[in-house]
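These notes are about the structure you will find just below.
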2 protein chains.
Amino acid sequence: MSRNRASSLAAVAELAGVSTATVSNALNRPEIVAEATRERVFAAARQLGYVPSSVAAALRRGMSRMIGLVLPDITNPFYSAIADGVADAADEERYGVALCVSHDDPVRELRHFELLAQQRAVGALVVPLTAEPSRLATLRSVGTHLVLVDRIAERDEGCSVAIDDVLGGRIAAHHLLATRGPRLALVNGARSIEQCENRRAGARKALRQSGVDPDGMIEVTVDDMTIEEGRRAGVRLAASPQLAGVFCTNDQLATGVVRGLSEQGIRVPEDVAVVGYGDLALATEGPLGLTTVEQPKWLLGRTAVEKLVQEVADQQLAGAQHQHSATLFQPSLVVRDSAPAG
Amino acid sequence: MSRNRASSLAAVAELAGVSTATVSNALNRPEIVAEATRERVFAAARQLGYVPSSVAAALRRGMSRMIGLVLPDITNPFYSAIADGVADAADEERYGVALCVSHDDPVRELRHFELLAQQRAVGALVVPLTAEPSRLATLRSVGTHLVLVDRIAERDEGCSVAIDDVLGGRIAAHHLLATRGPRLALVNGARSIEQCENRRAGARKALRQSGVDPDGMIEVTVDDMTIEEGRRAGVRLAASPQLAGVFCTNDQLATGVVRGLSEQGIRVPEDVAVVGYGDLALATEGPLGLTTVEQPKWLLGRTAVEKLVQEVADQQLAGAQHQHSATLFQPSLVVRDSAPAG
DNA sequence: CTCGTCAATTTAATCGTTACAATTGAATGG
DNA sequence: CCATTCAATTGTAACGATTAAATTGACGAG
């Protein structure tokens, strides 16, 4: 088992017959080194199998090329799609991604923040739940930048990227109104969940814009946003006379509602149209393709990285102060069988 | 925007009126420092909001507390479950996880290896596809340890953890044989895929062990292991007389087969039983719960971390050489509606 | 021939920890 | 009372890079 030899700039410098400074320059700013020297350095580096230590570089520079990604659950497709975007973008920018799964546990989350601070991560992308300003203090204190994901930042918490849930709700409801008429139902999770509340608000807005009284919308609220709860909601809704369309605030509920309605002899989409939210794999896996609101998850992750990189760059240019910004992405409707067009 | 002050052991040392060495000891090996001193150091550290630099520590120690996780696709539930296990275990051991998504691209994979080598990661957990020994050389050369995940290591490639696909196939086929009799069909992906080949081998073994000629098993091979291809296979299989059970080498295929059979008026499970593989969300999301082979994905990730940690520990104890090991986990059958018990 | 200019390179000072060897007292034992 | 031992602490040399400032020549202008 070979131990790690051959390392160090110094060894390369010696072999190439130049100083370490020149080697460093040849590697990092090739343009300021004479071509002949540069080649000699490269050759020496190759010959020695030199692997630069970004650890040493990080120490000297005061920050490592590492981006923290803190999210509640990597097995959740919404988050793993974000992670995918983050990984791709970080890769392009030559940053590493430190994955931290908080499992909705504030203790863990805090531990992760400390870890990132200790690693002198250049920044952290946080999908918060428990992101009270106080927790973020540790990170800030060592100069770690912050980008909030899937939530709009307040005051000067930092940059943020999110998806417009109100618009998503509006789009969904609008589609149902336009294709089926005003007699709609909403199957939603607890309104204490911000996303649920916003999607509902969007749906009501759509109704109002069409001159329909939003209070006329049938609302079913479930505790767990699961297929089974959706099915039960579907069964209940089957009894509603003249029901034209159902908007469910996630795809699990929508799948369940379709199933529940079918059990009661109500056909989807012939009798009732159903729209889901999220565009999970689930939406295409069922026997009936689900019309649903798609979220640019991958882009969310990507943009978060870009904002972070921008923020770091801004800071390095001593001059300009960085201006935090919040980006709100627009979801879009994917029309499938459960609520076809026109 | 506050820059990062308050750092450094030295500051803490000064405030506590001791040397930096003592501060370092108080923090890392509290037991060798007198209690009074220790308290004084802690107090000083707290007062200054001291955040240790694991970067500097890593430089000094020659390795960082960072584990690389290289996998083909984080949005794939199989891999994200592994990642979840890795994240949990790493968290417990106070290691960081550097997420690298290779997207089946050797160029990217190589770049990731280089990145990890430069970061002086303590080790890498690699879910290979493209892991030819040559690629791993860079990592090895800087002393980065390696654990192969979802594949058995050869020779001295390193430790490895995997799941016994042959056994999984055997379990699935055995269940069908025991509950339905010998007239089985197999719906499989390309046999060039190791997992597919192994699951098939297991199924044939089960037949043989029951005294049935494995060549009598109907085999349908598909290019893409998707629901749609499964459906087509199901439609075709509906024509087979006396068909008792179908083993599909993933859950997408199984879902499709159930659908295809149903379309042709064959009822599952009354007329034909269907078993899938993987226990994805899909298995519980459909109208009919899928009997399927469950893989301990989370445990796979966890164990990979443990092996790595063990390997590092072994190496530190100058004495003993580390003995690489391969762990093969056993999958198990989850019985649901598509192929009920007895 | 001298001086300034400029590109190429080197010198040397960090960055924040760790760990080895050396030091300091105080306590123990003969 | 001196010699040991031992626990607690300290001085200091790395670890491997980056970078500001200094140095070196070479060259053209005056």
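Chain A is the first sequence line, chain B the second, and so forth, proteins listed ahead of strands; every chain is numbered from 1. Note that the structure is predicted; figures quoted are calculated from it, not measured.
- For A:Ser19, counting side-chain heavy atoms from C-beta on, the closest listed nucleotide (C:dT10, C:dT9, C:dT17) is C:dT10.
- A:Thr327 places a side-chain heavy atom less than 4.5 Å from the side chain of A:Phe329.
- For the pair B:Met63 CE and C:dT17 C1', the interatomic distance rounds to 16 Å; values are reported in whole Å.
- Shown here for A:Ala10 and A:Thr20, the closest heavy-atom pair between the two residues is CA-CG2, 3.8 Å.
- The side chain of A:Thr20 approaches D:dT18 more closely than any other nucleotide in the set C:dA8, D:dT18, C:dT18.
- The A:Ser24 side chain lies nearest to D:dT18 when the options are D:dT18, D:dA17, C:dT18.
- Distance CG (A:Leu9) to C1' (C:dA12): 15 Å, rounded to an integer number of Å.
- Looking at heavy-atom distances under 4.0 Å, A:Thr22 makes contact with a base.
- Note: CZ (B:Arg60) to C1' (C:dG16) measures 11 Å, nearest angstrom.
- Contact of the A:Leu148 side chain with the A:Ile152 side chain is not registered, since no non-hydrogen atoms from C-beta on lie closer than 4.5 Å.
- Contact annotation for A:Val23: no contact, since no heavy-atom pair falls under 4.0 Å across all strands.
- Both B:Arg38 and A:Ala21 sit near DNA chain D, but only B:Arg38 has its closest nucleotide nearer the 5' end.
- Across all strands shown, B:Val18 has heavy atoms under 4.0 Å from sugar-phosphate atoms exclusively, and none from any base.
- Here B:Thr37 lies in heavy-atom contact (under 4.0 Å) with sugar-phosphate atoms only.
- C:dT9 atom P lies 8 Å from atom CZ of A:Arg40, rounded to whole Å.
- Contact between A:Arg120 and B:Pro52 at its shortest, heavy atoms only, is NH1-O, 3.2 Å.
- The B:Ser53 side chain lies nearest to C:dT17 when the options are C:dT17, C:dT18, D:dC15.
- Rounded to whole angstrom, the span from the CG atom of A:Asn25 across to the C1' atom of C:dT10 amounts to 10 Å.
- Distances from the side chain of A:Ser8 to the nucleotides C:dG16, D:dA17, C:dT18 place D:dA17 closest.
- D:dG16 atom C1' lies 13 Å from atom CG of A:Leu27, rounded to whole Å.
- Here the P atom of nucleotide D:dT10 and the CD atom of B:Glu14 are 13 Å apart, to the nearest Å.
- Between B:Asp88 and B:Arg302, no side-chain nitrogen of the basic residue sits less than 4.0 Å from a carboxylate oxygen of the acidic one, so the salt-bridge criterion is not met.
- Contact of B:Arg61 with C:dT18 (side chain to base): no donor-acceptor pair of N or O atoms is detected under 3.5 Å.
- C:dA19 atom P lies 6 Å from atom CZ of B:Arg29, rounded to whole Å.
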